[in-house]
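Structure record follows, encoded as structure tokens.
Heads up: numbering here begins at 1 and tracks the sequence. These figures come from a predicted structure and were not determined experimentally.
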Amino acid sequence: MSEPARPIRIPPLPAEERDERQHELLAPIATDGRHLRIFATLVRHPRLFNRWSAFGGVLLRRGELDGRHRELLILRTAWHCHADYEWGQHVRIAKAAGLSDEEIARVPAGPDAAGWAPLDAALLRAADELHADSAISDPTWATLASSLDERQLIEVCMVVGQYHLVAFTLNSLGVQPEDDAAPFPG
């Protein structure tokens with residue numbers, strides 16, 4: 001791994017330093033027998049970690065949005081926040097959700113780039129508007145509402161907000177991308 005882009009302010013908690021509660025919280029979310037740096041760092045605050053991971057889990061694994069749509073929102077949010085950790089993790093998840101390499105590479109170009117379907121462009125635009133204005137404009141909302149139901153529309157806002165929270169936290173704590181993560185574009 002190369003030099004960190006940001007200083008590591010709070011490192012992942014080593015397994016030998018975790019208490020019983022921290023081990024309990026991390027056990028169900030091991031990935032390939034390991035704990036991702038995000039989780040090993042945030043579990044330093046067990047009560048907060050417990051609540052946050054439940055909320056994030058609903059959006060990521062049990063939400064109403066199609067996985068492809070969710071990942072477009074997350075990647076665009078990661079790009080806006082210069083969140084190299086989130087970008088790297090979610091490229092892998094986006095591919096599994098059906099996004100092509102070409103589509104992932106086009107996310108930084110935004111909603112006006114050639115090739116997006118109208119709903120995809122509206123999702124990217126919603127992430128842009130939420131980032132810039134803290135609200136989705138009426139025209140973007142109308143496009144989204146023509147294809148998404150109420151629960152999905154609520155999730156659009158929640159997904160972007162959740163991944164802003166994650167980006168702000170990981171960027172500030174200096175959580176480094178996993179060694180096998182996709183690099184941040186640019």
Side-chain angles (χ1 to χ4, degrees), residues 1-99 101 104 107-108 123 127 130-131 154-186:
M1 188 168 137
S2 61
E3 251 334 275
R6 293 179 179 82
I8 300 170
R9 292 178 172 158
I10 299 180
L13 185 63
E16 62 275 7
E17 294 179 26
R18 297 174 193 155
D19 64 24
E20 185 178 330
R21 178 69 176 138
Q22 291 163 324
H23 280 292
E24 181 182 292
L25 289 167
L26 289 171
I29 54 174
T31 302
D32 299 327
R34 65 185 172 117
H35 295 107
L36 298 175
R37 291 177 183 143
I38 180 176
F39 303 134
T41 302
L42 298 181
V43 79
R44 288 178 175 275
H45 192 322
R47 189 178 66 227
L48 187 61
F49 179 85
N50 186 44
R51 301 291 189 204
W52 166 79
S53 62
F55 174 68
V58 168
L59 292 174
L60 188 62
R61 292 183 297 280
R62 296 180 304 280
E64 302 288 328
L65 276 174
D66 176 78
R68 185 179 187 290
H69 297 154
R70 180 196 65 239
E71 292 305 316
L72 280 171
L73 291 166
I74 294 169
L75 288 174
R76 188 65 176 166
T77 300
W79 183 83
H80 273 297
C81 294
H82 306 281
D84 51 347
Y85 189 96
E86 283 307 302
W87 182 271
Q89 287 304 107
H90 282 274
V91 163
R92 180 179 309 128
I93 297 168
K95 288 179 183 182
L99 284 163
D101 289 336
I104 292 167
V107 167
L123 289 162
L130 285 164
H131 183 78
I154 292 169
E155 280 188 26
V156 167
C157 302
M158 291 285 191
V159 165
V160 173
Q162 154 73 355
Y163 284 91
H164 266 90
L165 169 93
V166 171
F168 295 165
T169 304
L170 299 183
N171 287 349
S172 295
L173 302 181
V175 177
Q176 300 302 302
E178 306 300 329
D179 294 337
D180 61 349
F184 191 78

Between His82 and Phe184, how do the two ring planes meet: parallel, tilted or perpendicular, split at 30° and 60°?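 Ring orientation of His82 relative to Phe184: tilted.
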Under the ring pair (Phe, Tyr, Trp, His ring centres under 6.0 Å) rule, collect the residues that match up with Phe55, sequence neighbours excluded.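 Ring pair (Phe, Tyr, Trp, His ring centres under 6.0 Å) list for Phe55, sorted by chain: empty.
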Residues that Tyr85 engages under ring pair (Phe, Tyr, Trp, His ring centres under 6.0 Å), provided they are two or more places apart: none
Using distance only, find each side-chain donor-acceptor pair of residues 58-66 under 3.5 Å and give its atom names and separation, not counting sequence neighbours.
| residue | atom | partner | partner atom | Å |
| --- | --- | --- | --- | --- |
| Asp66 | OD2 | Arg68 | N | 3.0 |

Considering residues, nucleotides and ligands other than Glu20, do more than 12 of their heavy atoms fall under 6.0 Å from its CD?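 No - once you tally the heavy atoms of other residues, nucleotides and ligands closer than 6.0 Å, there are 12 at most.
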Which residues satisfy the side chain to side chain contact (heavy atoms under 4.5 Å, CB included) test with Asn50, sequence neighbours excluded? Arg21, Leu25
Sequence neighbours left out, what passes side chain to side chain contact (heavy atoms under 4.5 Å, CB included) with Ile10? Give chain and number order.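 For Ile10, the residues satisfying side chain to side chain contact (heavy atoms under 4.5 Å, CB included) (neighbours in sequence not counted) are Thr41, Arg44, Leu173.
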Hey, what do you get for [atom1] ([X]) to [atom2] ([Y]), rounding to the nearest 0.5 Å?
{"X": "Thr169", "Y": "Ile38", "atom1": "OG1", "atom2": "CD1", "value": "8.5 Å"}
{"X": "Tyr163", "Y": "Trp87", "atom1": "OH", "atom2": "CH2", "value": "14.5 Å"}
{"X": "Gln162", "Y": "Glu86", "atom1": "CD", "atom2": "CD", "value": "8.0 Å"}
{"X": "Gln176", "Y": "Leu170", "atom1": "CD", "atom2": "CG", "value": "10.0 Å"}
{"X": "Lys95", "Y": "Ile104", "atom1": "NZ", "atom2": "CD1", "value": "5.5 Å"}

State, with a plain yes or no, whether a side-chain heavy atom of [X] is found less than 4.5 Å away from one of [Y].
{"X": "Asn171", "Y": "Asp84", "result": "yes"}
{"X": "Val156", "Y": "Leu123", "result": "yes"}
{"X": "His35", "Y": "Gln22", "result": "no"}
{"X": "Leu130", "Y": "His164", "result": "no"}

Under 3.5 Å donor-acceptor pairs involving side-chain atoms of residues 71-80, not counting sequence neighbours:
| residue | atom | partner | partner atom | Å |
| --- | --- | --- | --- | --- |
| Glu71 | OE1 | His90 | ND1 | 2.7 |
| Glu71 | OE2 | His90 | ND1 | 3.4 |
| Arg76 | NE | Asp128 | OD1 | 2.6 |
| Arg76 | NH1 | Val107 | O | 2.8 |
| Arg76 | NH1 | Pro108 | O | 3.0 |
| Arg76 | NH2 | Asp128 | OD1 | 3.2 |
| Arg76 | NH2 | Asp128 | OD2 | 3.1 |
| Thr77 | OG1 | Leu73 | O | 2.8 |
| His80 | NE2 | Asp128 | OD1 | 2.6 |

